[in-house]
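Before I ask anything, let me first share the structure, which is written out below as structure tokens.
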Amino acid sequence: MSRGTLYDKVWERHKVADLPNGQDQLFIGLHLVHEVTSPQAFGMLRERDMEVAFPDRTVATTDHIVPTTSEGRERPLADERAEEMLTHLEHNTEDAGIRFFGLDDDRQGIAHVVGPELGFVQPGMTVVCGDSHTSTHGAFGAIGMGIGTSQIRDVFATGSISADKKAVRRVEVTGELGDGVGAKDVILHVIRELGVDGGVGHVYEYGGEAIRSLDMEGRLAVCNMSIEGGARAGYINPDETTYEYLRGREFAPEGDEFEERKEYWESIRSDEDAQYDDWVEVDADDLAPQVSWGTNPEQVVGVDEPVPEPSETRDPDAAESAQAHTEVTPGETMEGHEVDVAFLGTCTNGRVADFREAAKVLKGREVDDDVRALAVPGSGTVKRKLEAEGIDQVFKDAGFQWREAGCSMCLAMNDDALEGDEVCASSSNRNYVGRQGSTEGRTHLMSPGMVAAAAVEGAVTDVREFDTADEVGEPVADAEVDG
Amino acid sequence: MTDDAPGSAGDDAPETDDAAVPAIRRVAGTGVPLRGDDVDTDQILPARFLKAVTFDDMGEYAFYDQRRDADGELNDHPFNEYQGANVLAVNDNFGCGSSREHAPQGLMRWGVEAIVGESFAEIFEDNCKSLGIATLAVDHEDAVDLQEFIEANPDAGIEVDVRAETVRYDGRAVEGDVPDAMREALLEGIWDTTAVMRTNLDRAKAVNDSLPYTDD
Ligand code: SF4
């Protein structure tokens, strides 16, 4: 059993009781709520005549079903079922006294973007949401876990979940990342190495030079995709990068309180001599930009590396049907593989730094005539910041559609969907068949810079071959972006 | 059929609904084989059907796209061919991907009461526990044998014994693993965790008060 890790310490601080089923009752410090997985849970609560026990520890937003055009957001929404879900959430949060960032709030956005950027998520917390990408919040040194709707009901009713402690695997990422290579490439590479089910039964603690050097946006992208590697949670020990990010955020502590809180944050870092259940090293030195070629997130290669023969993969049958679906040829590289759609956004890569990275590629260039390109900021806050700095103009000039915040084409619960067998260069996290709204559609996962390069060329391209702008837009302090 | 024994949600759980939570000791019926590793919840329940504020219709949407040809006609997918079955036989990493409880809800409302497979994704397994669906992990060969047996004998009886952690069919008893917490919960009829945890609400409040970050 692990000992002295952040996971052990945070778990102990939050443990409420031993349950008769052998699990622990774990207190939840932050419960993020959205419209798709919560209405049934509120319903179950009503059936039992119970109230939300800790509304102050709960924050709601709407993201999955929201239209991303400004006309489309007029109420009532054109899609009646979407309207119904949104209305339910509005009523439920109001009745329960839960803070809600709705369509009329310019901070609305994807739960996993809003929680961190407003300062709700802090080190040493337990964070849950009815969404598997709750692992994202591990970037702060929090334990973030996705839960199902019955568990959402549990959290509403008791502020707790019933859970087993997992084994802790240290994932040490060594080496230095080259130009044009970043967090998304690191995590795709890790999943390729450890497998989509490699993390089952484990929590990943990411460490090593390649991880420490990442900014918070990068760390969020890494932890976000822990679940694609089968690990319910993944985290990074908090450090100065974390604290600097938090300083000045709307719901983060201020002044003396900030300094006091920092003592707690420091205290829950994994000890030098912490014991892990497992330790793996992944080398990221000289890593090339990564691209997925198949239909699950471990079917990935470096952009300059040949797509493997099915027999060379962990699961040859799956690889064969994946290659039939995506029509990639083993032995050839992904470079030059044509794309019809470029999609930038999501809880993985929908933050300011991600758009800045893409804009550096796009500056002075135009999207290929045959490509439909969508830029969907992860939140209203991200959008306003990019607009204040003039970075939106780079996207518009290049020919990207500039949209309102939401999950959008990540899972196509709104109008943003692939059509027919379109091929999409996507900054999202899942390439399952049908994920982006068309059962024949094809998704290739890659970094924001790679998506921008693919949009320009109309085909998968090595972003390292592009001359990129050193700077885009005029820097504006967060505080000056009116909210 | 589920073997319903009277259960109780705990004597000192006054705030729960009145219906007692049934204990589930075994699930007996017929099987439905579903082959393939890494079957994700987007396949089990496509995202466009999540747009509903209840789970009521989810049974119709289980494997919706895979059950249909391009022209919308029902094909020979196991969920069309094995209607009425209640033991689902799968392979490795079943239920990976999105946390949507709509996926196990869809399976349950279609008729699934127990799942035998090589391994299950964690959130999916937790969701199954919440719903009282038993999951039994068996070896690769055993999973494949079971699928082949069902394909050859679609009407043969299959029984998952939660207490013994075995699946019985064709005179065989194949051992596997039901996660401890799930086994305990099913056998004792305490898979509805809300009631149990609600009795500790004061302790949860005490933990809340003790945390350094809860005073803002
Ligand atoms: S952006 Fe995609 S992965 Fe993230 S919460 Fe939305 S749908 Fe899920």
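Each chain gets a letter, A, B and so on, in the order the sequences are listed, and its residues count up from 1.
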**Q.** B:Q83 CD: over 12 foreign heavy atoms closer than 6.0 Å
**A.** yes

Q) Side chains of A:M125 and B:Y213: closer than 4.5 Å at any heavy-atom pair? A) yes

Q. Is a side-chain donor-acceptor pair under 3.5 Å present for B:S99 with A:D131?
A. no

Q.
Shorter than 4.5 Å, heavy atoms on both sides: which option in B:M197, B:E122, B:K129 has the most such pairs with chain A?
A. B:M197

Q) Does B:F120 have any ring pair (Phe, Tyr, Trp, His ring centres under 6.0 Å) partners at least two apart in sequence or in another chain, and if so, which? A) none

Q) Can you tell if the side chain of A:V196 reaches within under 4.5 Å of the side chain of B:N93, non-hydrogen atoms only? A) yes

Q. Pick from A:R81, A:E440, A:Q23, A:Q25: which one has the most heavy-atom pairs with chain B under 4.5 Å?
A. A:Q25

Q. How long is the span from the CG atom in A:D197 to the SG atom in B:C96, to the nearest 0.5 Å?
A. 8.5 Å

Q) With chain B, which of A:L30, A:N429, A:D315 has the greatest number of heavy-atom pairs at distances under 4.5 Å? A) A:D315

Q: Sort A:T439 into side chain, backbone, both or neither according to what part of it lies under 4.5 angstrom from a heavy atom of chain B.
A: side chain

(Q) Tell me which of these, B:S130, B:P104, B:A181, B:A206, has more heavy-atom pairs under 4.5 Å with chain A than the rest. (A) B:A181

(Q) Sub-4.5 Å heavy-atom contacts with chain A: which residues of residues 55-67 of chain B show up? (A) B:F55, B:D65

Q. Of the listed residues (A:E228, A:H64, A:H14, A:E263), which shares the most heavy-atom pairs with chain B below a 4.5 Å separation?
A. A:H14

**Q.** Side chain / backbone / both / neither for A:M44 at chain B, heavy atoms under 4.5 Å
**A.** side chain

(Q) A quick test of your reading: do over 12 heavy atoms of other residues, nucleotides or ligands sit less than 6.0 Å from CD of A:E320? (A) no

Q | Residue, of B:T41, B:D180, B:D126, that accumulates the most heavy atom pairs under 4.5 Å with chain A | A | B:D126

**Q.** Side chain / backbone / both / neither for A:E84 at chain B, heavy atoms under 4.5 Å
**A.** both

Q: Flag the one option from A:V433, A:I161, A:N296, A:D164 with the top tally of heavy-atom pairs under 4.5 Å to chain B.
A: A:I161

Q. Distance from A:L19 atom CG to B:N200 atom CG, nearest 0.5 Å?
A. 6.5 Å

Q.
Do A:F27 and B:K205 have side chains that approach each other closer than 4.5 Å (heavy atoms only, starting at C-beta)?
A. no

Q) A:H88 versus chain B, heavy atoms under 4.5 Å apart: side chain, backbone, both or neither? A) side chain

(Q) Need one label for A:I152: side chain, backbone, both or neither, based on atoms under 4.5 Å from any heavy atom in chain B. (A) neither

Q: Compare every heavy atom of A:R232 with every heavy atom of B:I123, then report the nearest pair and how far apart it is.
A: CG1-NE, 3.3 Å

(Q) Are B:V207 and A:R13 packed together at the side-chain level, in the sense that at least one heavy-atom pair is separated by less than 4.5 angstrom? (A) no

Q.
Given 3.5 Å as the limit, does a donor-acceptor pair link the side chain of B:R100 with the main chain of A:T37, or not?
A. no

**Q.** Stepwise side chain to side chain contact (heavy atoms under 4.5 Å, CB included) check, B:L131 with A:S150
**A.** CA-CA 8 Å; B:L131 301 180; A:S150 297; 3.9 Å; yes

**Q.** When A:G159, A:A82, A:P20 are compared by non-hydrogen pairs under 4.5 Å with chain B, the top option
**A.** A:P20

Q) In terms of heavy-atom proximity below 4.5 Å to chain B, should A:S267 be classed as side chain, backbone, both, or neither? A) neither

Q.
Determine whether a donor-acceptor pair (N or O, by modelled atom type, separation under 3.5 Å) exists between the side chain of B:K51 and the backbone of A:M413.
A. yes

**Q.** Interface moiety of B:T54 toward chain A, non-hydrogen atoms closer than 4.5 Å
**A.** backbone

Q | Structural part of A:F54 lying under 4.5 Å from a heavy atom of chain B | A | side chain

Q.
Quick check for you: among A:V155, A:D79, A:I227, A:I65, which has the greatest number of heavy-atom pairs under 4.5 Å with chain B?
A. A:D79

Q) A:A157 versus chain B, heavy atoms under 4.5 Å apart: side chain, backbone, both or neither? A) both

(Q) Below 4.5 Å, heavy-atom pairs only: which of B:E101, B:E184, B:R183, B:Q105 has the largest tally toward chain A? (A) B:E101

(Q) Between B:R48 and chain A, with a heavy-atom cut-off of 4.5 Å, which part of the residue counts as in contact: side chain, backbone, both or neither? (A) backbone

Q | Neighbour count >12 (heavy atoms, 6.0 Å) for atom CD, A:E250 | A | yes

**Q.** Taking every non-hydrogen atom, the tightest pair across B:G97 and A:Y432
**A.** CA-OH, 3.4 Å

Q: Kindly compute the distance separating CD (A:Q436) from CG (B:D42), expressed to the nearest 0.5 Å.
A: 10.5 Å

Q | Heavy-atom proximity to chain B below 4.5 Å, by part of A:D317 | A | neither

(Q) Given heavy-atom pairs under 4.5 angstrom as the criterion, report whether the side chain, backbone, both or neither of A:K15 touches chain B. (A) backbone

Q) What's the verdict on side chain to side chain donor-acceptor pair (under 3.5 Å) for A:R153 and B:T194, showing C-alpha distance, side-chain angles and the deciding distance? A) CA-CA 7 Å; A:R153 173 200 64 204; B:T194 299; 2.8 Å; yes

(Q) Looking at A:R314, I want to see if its CZ is surrounded by more than 12 non-hydrogen atoms of other residues, nucleotides or ligands under 6.0 Å. (A) yes

Q) Where on A:R430 is there a heavy atom nearer than 4.5 Å to chain B: the side chain, the backbone, both, or neither? A) side chain

Q. In terms of heavy-atom pairs under 4.5 Å with chain A, which of B:A121, B:A52, B:P46 leads?
A. B:A52

Q: Could you tell me which of B:N208, B:L187, B:L211, B:D38 has the largest number of non-hydrogen atom pairs under 4.5 Å with chain A?
A: B:N208

Q. If every non-hydrogen atom of B:S98 is compared with every non-hydrogen atom of A:S132, which pair is closest and at what distance?
A. CA-OG, 3.6 Å

Q) Roughly how far, to the nearest 0.5 Å, is the CG atom of A:N21 from the OG1 atom of B:T193? A) 7.5 Å

